[in-house]
Structures are given as C-alpha cells and as structure tokens.
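Because the structure is a prediction, the values reported are computed rather than measured.
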Amino acid sequence: MAKTQLNVRVDESTAQAARQRALQRGLSMNRYIEELVKQDAGEAGRTFVDAAADFMKQYESVFAEEFGDKR
C-alpha cells in the first residue's frame, strides 16, 4: 500500500507524550500514529453497531407490539 505523508502540528507536551507512548510500545512515531487512527476509525463503527444492538434489545418488545413479531 502506498504511503502518504501528513504533517501535523501539536504542542510540545502532546509531542512528548506521543514520543513516550511510541517508545513504550516499541513503535516508530509514524506507526504509533497510524495505529491510533486505525483504532479510532474501527471503534467508531463498532460503537455504532453495539449501540444499535443494545437499542434493539431494549425496545424489541415495543417494536413487536407496534409492528408484530415477524420472526
């Protein structure tokens, strides 16, 4: 997969924290940031699906009452 360079500006304390966390994980800064973004993007999708499943569990009887149980 081709790589694209991004340039970001953060305050020094954020940069230092990122360097420390990458070092603790044995990762380069590039890899650390890449993994954070991938994790964040994946969590958003999982969070939505989990919330939708919880909603359906909570209101299943209401939907069944209103629209009939068509299982």
Side-chain angles (χ1 to χ4, degrees):
M1 174 188 284
K3 298 284 184 169
T4 298
Q5 183 173 337
L6 299 175
N7 296 309
V8 298
R9 293 182 187 276
V10 297
D11 60 61
E12 185 54 41
S13 63
T14 301
Q16 186 56 35
R19 288 184 198 104
Q20 280 296 110
R21 300 298 284 178
L23 183 62
Q24 290 170 348
R25 289 174 169 77
L27 300 172
S28 68
M29 279 288 291
N30 286 337
R31 184 67 182 167
Y32 175 65
I33 300 299
E34 184 177 15
E35 287 187 9
L36 286 177
V37 171
K38 286 180 179 179
Q39 179 184 14
D40 184 53
E43 284 180 11
R46 278 192 303 277
T47 299
F48 173 79
V49 170
D50 291 345
D54 288 343
F55 176 85
M56 288 306 295
K57 283 179 196 172
Q58 185 175 1
Y59 293 99
E60 180 178 17
S61 63
V62 175
F63 280 94
E65 184 179 314
E66 181 69 24
F67 302 107
D69 190 358
K70 301 190 182 194
R71 284 189 247 184

Verdict with reasoning, Asp11 to Ser13, per side chain to side chain donor-acceptor pair (under 3.5 Å): CA-CA 6 Å; Asp11 60 61; Ser13 63; 2.7 Å; yes
OG1-CD distance between Thr14 and Gln16, expressed to the nearest 0.5 angstrom: 10.5 Å
Spatial distance of atom CZ (Arg25) from atom OG (Ser28) [nearest 0.5 Å]: 13.0 Å
hydrophobic_cluster_shared for Ile33 and Leu6, side chain cutoff 4.5 Å: no
Reported CD-to-CG distance for the pair Glu35 and Asp40, which is rounded to 0.5 angstrom: 13.5 Å
Atom of Tyr32, atom of Ala22 and distance for their closest heavy-atom approach: CB-CB, 3.7 Å
Val37 with Val8, same ILVMFWY side-chain cluster at under 4.5 Å: no
Pairing of Glu12 and Arg19 as salt bridge, 4.0 angstrom limit: yes
Connected via hydrophobic side-chain network under 4.5 Å: Val10 and Met29: no
For Lys3, all residues meeting salt bridge (Lys or Arg N to Asp or Glu O under 4.0 Å), sequence neighbours excluded: Glu34
